[in-house]
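If you're wondering where the values come from, they're calculated on a predicted model, not measured in any experiment. Note on naming: letters A, B, ... go to the chains in the order of the sequence lines (proteins, then strands), and numbering restarts at 1 for each one.
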There are 2 protein chains.
Amino acid sequence: MKNYIQYLNKAFENRIRLGIMSILMVNDWVEFSEMKEMLDITDGNLASHISALEKIEYVEVKKQFVGKKPNTSYAVTKAGKKAFNDHLDALEKLLKNRD
Amino acid sequence: MKNYIQYLNKAFENRIRLGIMSILMVNDWVEFSEMKEMLDITDGNLASHISALEKIEYVEVKKQFVGKKPNTSYAVTKAGKKAFNDHLDALEKLLKNRD
DNA sequence: TAAAAGTACTTTGTAATGCAAAGCTATAAA
DNA sequence: TTTATAGCTTTGCATTACAAAGTACTTTTA
């Protein structure tokens, strides 16, 4: 048997980061507050996980004003998409292609 | 959108425990040394993760002698199977049934 | 028969991680 | 002028991860 766990991406081990990525994989540009509500976590907690994904360039940020209110939105980068798909492939192999 | 991350099982967040469970889901009674080799981790590390799964009764242990050597084997319990399948369902929903 | 090796842990120590709560900055609305 | 909103950052504490070393018992080897 091949050791598939080595291909799992440490960045996606945490449930919140898994949630963030799975949201961003199917939604272009999601707002901070929207994401916070979807995941049902504190703003500080979300900020720290998002910034971890930002630091490794899996997520990009857009800051703008909507009307007169500040608004931050997030999207997954190309590298983030690849990394996440690779992770899902590894997960699938781990779970199904066992011999 | 429903918040699916809440249904993920904390016990399976770690990659090694995910590996242990996915091995035990398809193999009845796997030996300590065999598992250690499959996962390619230190014996101490394996022992601690296994004992965490034992403590919550997702894994059961059988100690015997094979010839004259001590031999420890592990299997997933009924509760462990259910918990793991529930976790996989949650994962799948998180990743695919997004709306 | 003494030393080395194997099996399966347990203990120790340290670093990393997770998270809530509080604090902060800036603007805007009441 | 107080309060609210948005989005963080900092703090502090508890938990987790993991390597390395230690342990106990048995067996093999020199």
Measuring from atom CE of M38(B) to atom CD of E31(B), what distance do you get when rounded to the nearest 0.5 angstrom? 9.0 Å
Could you run down nucleotides 12-24 of chain C 5' to 3' and tag each one B, S or - for protein heavy-atom contact under 4.0 Å? ------SSS----
N71(B) CG - dT27(D) P separation (whole Å): 13 Å
In this structure, how many angstroms lie between the C1' atom of dC9(C) and the CG atom of L46(B), rounded? 10 Å
I want to check one thing: is the phosphate of [N], taken as OP1 and OP2, less than 4.0 Å away from some side-chain N or O of [X]?
X	N	result
S51(A)	dC8(D)	no
K63(B)	dT7(C)	no
S33(A)	dA6(D)	no
Y74(B)	dA8(C)	no

Pair D40(B)-Q6(A), side-chain contact (heavy atoms from CB on, under 4.5 Å): steps then yes or no: CA-CA 9 Å; D40(B) 192 28; Q6(A) 69 178 301; over 6 Å; no
Donor-acceptor side-chain pairing of Y4(A) and D89(A) below 3.5 angstrom: no
Using distance alone, with no hydrogens and no angle criterion, decide if N9(B) and Y58(B) have a side-chain donor and acceptor under 3.5 Å apart. yes
Apply side-chain contact (heavy atoms from CB on, under 4.5 Å) to the pair L53(B) and L24(B), showing each step before the final yes or no. CA-CA 12 Å; L53(B) 291 171; L24(B) 293 182; over 6 Å; no
For the residue pair F32(A) and Y74(A), categorise the inter-ring angle as parallel (less than 30°), tilted (30 to 60°) or perpendicular (more than 60°). tilted
